[in-house]
**Q** 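Before anything else, here's the structure in question.
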Amino acid sequence: MRKKKTIAMILAGGQGTRLGALTKNIAKPAVPFGGKYRIIDFPLSNCSNSGIDTVGILTQYKPFFLHSYVGIGSPWDLDRKDGGVFILPPYTHDTGGEWYKGTADAIYQNVEFIDQHDPVWIVILSGDHIYKMDYSRMLEYHEAKEADATLAVIEVPWEDTRRFGIMNTDADDRIIEFEEKPAKAKSNLASMGVYIFRWQYLKYYLVRDAQVADSAHDFGRNIIPGMIDSGQSVYAYRFKDYWRDVGTVESLWEANMDLLSDRPQLDLHDPEWRIYSVNPVRPPHYAGPNSRINQSMVSEGCQIFGQVKRCVIFPNVMIGEGAQVTDSVLMPGVTVAPHAVISRAIIGPDAVVQENARIGGDGSIALVVQDTKPARKGVRP
Amino acid sequence: MKALLGLINLYEDESALGPLAGHRPLAAMPYAGRYRLIDFTLSNLVNADVRTVGVLVRDKYRSLIDHLRSGKEWDLARKRDGLYILPPAHSPAAANGGDIGNLYFNLDYIYASSEDFVVLCGSQTVCNLPLDQAFHYHLSVGADVTVIGRDCPDDWQGPCLTTDEDGQVSALCRPEEPSPYDIQPLGFYIMSKSLMAELVRRCAAEGGHDLFVDGVVKNLTSLKVCVFRHTGYVARIDSIAAYFQHQLELLNPSVWQELFFRYGIVYTKVKDEAPAKYKEQAVVRNSLVANGCIIEGTVENCILSRSVVIEKDAVVRNSIISQNVRIGSQARLSHVLCDKDSAVSAGRCLTGALHNPFIVRKGAVV
């Protein structure tokens, strides 16, 4: 095996409890986003576009869909002879076996896998964040700073700082203090959950952390603070582009709506940094003779006869005559019967909205999901 | 189990497509917003469980190879069998225009495949065909050759197959007025591999050029040639007008449904485009829109292929816009066919007609 300089590990085992029924059967990284993608397409495409061709994906919660979706990685050009994608669920060994108890534990349990590839650098990523980032530039920064660890950070609004891990840095952007969800923050630089370490160095800390009985085995709470406290050179890498952690139905809806602005910060049409995904094979969508579609994104295989305003429409959606859909996200295979009215809603995969139904409106975002998954039809009636 | 080998023959007359076909074979012509013509034939084959497909290429096939690559999109990138490109023989025998030279040159390959039967097809006919039913029919009636055809349309002026009372083909002719017994061949025909090899050898020895005309039709007395009638939607791409009008037929949802879903879906190369974006000023009616498009203007009765940009206040009607085309603001287009990578400058006004669309050539800026 050729020696790999850099490998990436994507943490994809989270449930995303606050996404409610959307993550009843799938893990958060598998949640649909942006009219044709799944959230994990973003870190996977970033890896592929950054020249990282060896990627471990750590799964735990409801992994079936994710496993079949990722497959051998060909949609992201990660089906490689040497390297490629590796799905890494928890496993048992001669002394027993355990679930992944935290983000750091998940990596610790796969030390053997990483050692097999013997990388110099390891990039730790989260499978449920939406952003486009060139990890190779962050790695250059990491090398230039001769850092032991580098954390990508983003400025967040001051009022949101209590939701994030906040970095306090010196003039050189060296991190002097890490505060997890502080009540009163001293800085507004939030950790994006993107870390680069020299592998041998991280391994030392992971092994040490594994011995600590009362540790949460978490990067944010244990590993990073431990490194800073022992005076290691941990640097912040400032990221200025679009980045979202869509933890709730509300924020998932908002991130979708962000795409509809005239010049969205997250440009999905950029040919230089494509976001790859498993493409459904469907014909171009059809906009009917009386359809009105504005400020929206519409994917292939849809048939739209009604009115659509400020919506994100996934593949194979059917919107009947006289239906009005505004400020909403319609996930793959949704059927909206004629004269239904939907506003401020997320309609989950394959759901059917009946004729003349009224969904959503003012207040919080309505979430409609199909209770039982119908057999997937190749052909729509 | 008896199996079919697919042979897609690109020895087709593409002269009628003039400037559009200039740099590519008919099979590589863009169609319906995100496809190439060959996708329909390939999908008909794989949807009928054909696992080996040979493509007999003639010339200028670079764009076709680029499209097909390993055949993965059609599930034809296989360890055994799968997709084969059969290049032409650069010999005098192959220079005479027909498919016999190429078939003869590649007989070894065709023989080496494990299938006992072969379906020969072209890329000129766009349809969603139950090829497995046709094959079953071929076996059940014990035909030597089964031609897939349909009842002759009234305006068809090309060759017809005349059938006798038993439904067997008795002649190839150009009737003044087609009778109910006349069949328009759709370019698909099935026979056993051994019969094909025999016909190819005989044609090559006797100087024949075309397997169907010189091999099958000249032997109608000795061969049992039957017809499998296809009753569904068919588009024959034999002129610029046909290429233009048939695509616009897809704006009828029942035609859309039938062509793309009837007996299986139509596979094509994936390009990873983002969903189409409709901006605030967009007005889009009765149109097909592929992924990657950005629309700010008015679009009516059109087909927009991948990554087309319609700028603000542009009005595009009854037109087919190919991949990566930009229509400038305030441009007015009616009955226009824009080939790949072209652009229409702001404020330009282009008008064609349904039977004679205005053509903007590949890469041109007007």
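Each chain gets a letter, A, B and so on, in the order its sequence line appears, and its residues count up from 1.
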**Q** Between B:Pro253 and A:Phe305, what is the shortest heavy-atom contact and its length?
**A**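 What the structure gives for the nearest pair is CG-CZ, 4.1 Å.
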**Q** Report the C-alpha separation of B:Lys271 and A:Arg274 in whole Å, then their side-chain angles, then the decisive distance to 0.1 Å, and conclude whether the side-chain contact (heavy atoms from CB on, under 4.5 Å) test is met.
**A** CA-CA 10 Å; B:Lys271 292 257 170 85; A:Arg274 272 192 209 285; 5.9 Å; no
**Q** Side chain, backbone, both or neither: which part of B:Val270 has a heavy atom under 4.5 Å from chain A?
**A**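 Only the side chain of B:Val270 comes within 4.5 Å of chain A.
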**Q** If you count heavy atoms of other groups shown closer than 6.0 angstrom to CZ of A:Arg80, is the number above 12?
**A**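 Yes - once you tally the heavy atoms of other residues, nucleotides and ligands closer than 6.0 Å, there are more than 12.
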**Q** Do A:His285 and B:Tyr278 make the cut of ring centroids closer than 6.0 angstrom?
**A**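 Yes, close enough.
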**Q** Is the CZ atom of B:Arg51 crowded by more than 12 outside heavy atoms at less than 6.0 Å?
**A**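 Check fails, neighbour count at 12 or below.
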**Q** What part of A:Ser45 lies closer than 4.5 angstrom to a heavy atom of chain B: side chain, backbone, both or neither?
**A**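 Neither the backbone nor the side chain of A:Ser45 comes within 4.5 Å of chain B.
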**Q** Quick check against the 3.5 Å criterion: does B:Arg34 have a side-chain atom that pairs as donor or acceptor with the backbone of A:Arg282?
**A**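 Yes; judged by distance alone, with no hydrogens or angles, the pair exists.
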**Q** Heavy-atom distances under 4.5 Å only: say whether B:Ile295 touches chain A with side chain, backbone, both or neither.
**A**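 Contact with chain A involves no heavy atom of B:Ile295 at all.
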**Q** Based on non-hydrogen pairs under 4.5 Å, which of B:Asn291, B:Leu251, B:Leu250, B:Asn301 is most in contact with chain A?
**A**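 Answer, by heavy-atom pair count under 4.5 Å with chain A: B:Asn291.
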**Q** For the backbone of A:Gly288 and the side chain of B:Asn286, can you confirm whether one donor and one acceptor N or O come within less than 3.5 Å of each other?
**A**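 Absent.
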**Q** Taking atom CZ of B:Arg78 as the centre, does the number of heavy atoms from other residues, nucleotides or ligands within less than 6.0 Å exceed 12?
**A**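 Correct, the count exceeds 12.
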**Q** Compare every heavy atom of A:Ser277 with every heavy atom of B:Asp272, then report the nearest pair and how far apart it is.
**A**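 It is OD1-N, 3.3 Å.
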**Q** Chain A heavy atoms under 4.5 Å from B:Ala276: which part of the residue, side chain, backbone, both or neither?
**A**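 Its backbone and side chain both get close to chain A.
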**Q** Measuring from A:Ile293:CD1 to B:Ser287:OG, what's the distance to the nearest 0.5 Å?
**A**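 Here the interatomic distance stands at 9.5 Å.
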**Q** Which one wins on heavy-atom pair count under 4.5 Å against chain B: A:Ser296, A:Ser261, A:Ser299?
**A**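 Heavy-atom pairs under 4.5 Å are most numerous for A:Ser296.
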**Q** If you measure from CD on B:Gln281 to CD on A:Gln295, what distance do you get to the nearest 0.5 Å?
**A**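 One gets 9.0 Å once the value is rounded to the nearest 0.5 Å.
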**Q** With distance as the sole test, does A:Asn294 use its side chain to make a donor-acceptor pair with the main-chain N or O of B:Glu280 at under 3.5 Å?
**A**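 Pair found, side chain donor or acceptor close to backbone of B:Glu280.
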**Q** Is A:Tyr37 in contact with chain B via its backbone, its side chain, both, or neither, using a 4.5 Å heavy-atom distance?
**A**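 For A:Tyr37, side-chain heavy atoms alone lie under 4.5 Å from chain B.
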**Q** Taking A:Val312, A:Val298, A:Ile313 one by one, which has the highest count of heavy-atom pairs under 4.5 Å against chain B?
**A**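 Most heavy-atom pairs within the cutoff with chain B belong to A:Val298.
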**Q** Chain A heavy atoms under 4.5 Å from B:Tyr267: which part of the residue, side chain, backbone, both or neither?
**A**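 B:Tyr267 touches chain A through backbone and side-chain heavy atoms alike.
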**Q** If you count every heavy atom of other residues, nucleotides or ligands that lies below 6.0 Å from A:Arg292 atom CZ, does the total exceed 12?
**A**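 Count not over threshold, so no.
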**Q** Look up atom CE in A:Met297 and atom NZ in B:Lys277, then write down how far apart they are to the nearest 0.5 Å.
**A**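 Reported to 0.5 Å precision, the distance equals 6.5 Å.
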**Q** Any idea which of B:Pro275, B:Gly33, B:Ser307, B:Cys293 has the most non-hydrogen atom pairs under 4.5 angstrom with chain A?
**A**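 Option with the top pair count is B:Pro275.
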**Q** Going from OH on A:Tyr286 to CG on B:Asn252, what distance comes out if it is rounded to the nearest 0.5 angstrom?
**A**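 It comes to 7.5 Å.
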**Q** Can you name the nearest heavy-atom pair linking B:Trp256 to A:Gly301, along with the distance?
**A**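 Shortest heavy-atom contact: CH2-O, 3.7 Å.
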**Q** More than 12 heavy atoms of other residues, nucleotides or ligands under 6.0 Å from NE2 of A:His67: yes or no?
**A**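 Above 12, so yes.
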**Q** Could you tell me which non-hydrogen atom of A:Pro283 sits nearest to which non-hydrogen atom of B:Tyr35, and how far apart they are?
**A**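 Closest approach of A:Pro283 to B:Tyr35, heavy atoms only: CA-OH, 3.1 Å.
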**Q** Which residue out of A:Val308, A:Leu268, A:Asp262 racks up the most heavy-atom pairs below 4.5 Å with chain B?
**A**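 With the most close heavy-atom pairs to chain B, the winner is A:Asp262.
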**Q** Going by an N to O cut-off under 4.0 Å, is there a salt bridge joining B:Glu273 and A:Lys36?
**A**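 Salt bridge absent between B:Glu273 and A:Lys36.
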**Q** Is the number of heavy atoms from other residues, nucleotides or ligands under 6.0 Å of B:Lys340 NZ greater than 12?
**A**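 Yes, because the 6.0 Å sphere around NZ of B:Lys340 holds more than 12 heavy atoms from other groups.
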**Q** Quick check: closest heavy atoms across A:Ser291 and B:Val284, and the distance to 0.1 Å?
**A**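 Where A:Ser291 meets B:Val284 most closely, the heavy atoms are OG-O, 3.3 Å.
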**Q** Would you say CZ of A:Arg344 has more than 12 non-hydrogen atoms from neighbouring residues, nucleotides or ligands within 6.0 angstrom?
**A**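 More than 12 within 6.0 Å, yes.
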**Q** If I measure from the heavy atoms of chain A, does B:Thr268 come under 4.5 Å with its side chain, its backbone, both, or neither?
**A**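 For B:Thr268, the contact with chain A is made by the backbone alone.
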**Q** Is it the backbone or the side chain of A:Leu260 that comes under 4.5 Å from a heavy atom of chain B, or both, or neither?
**A**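 A:Leu260 touches chain B through backbone heavy atoms alone.
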**Q** Should B:Arg285 and A:Asn290 be marked as a side-chain contact (heavy atoms from CB on, under 4.5 Å) after you check the CA-CA gap, both sets of side-chain angles, and the distance that decides it?
**A** CA-CA 6 Å; B:Arg285 291 202 188 96; A:Asn290 304 315; 5.8 Å; no
**Q** On a heavy-atom basis, which atom in B:Lys72 and which in A:Ser74 lie closest, and how many Å separate them?
**A**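 Shortest heavy-atom contact: NZ-CB, 3.4 Å.
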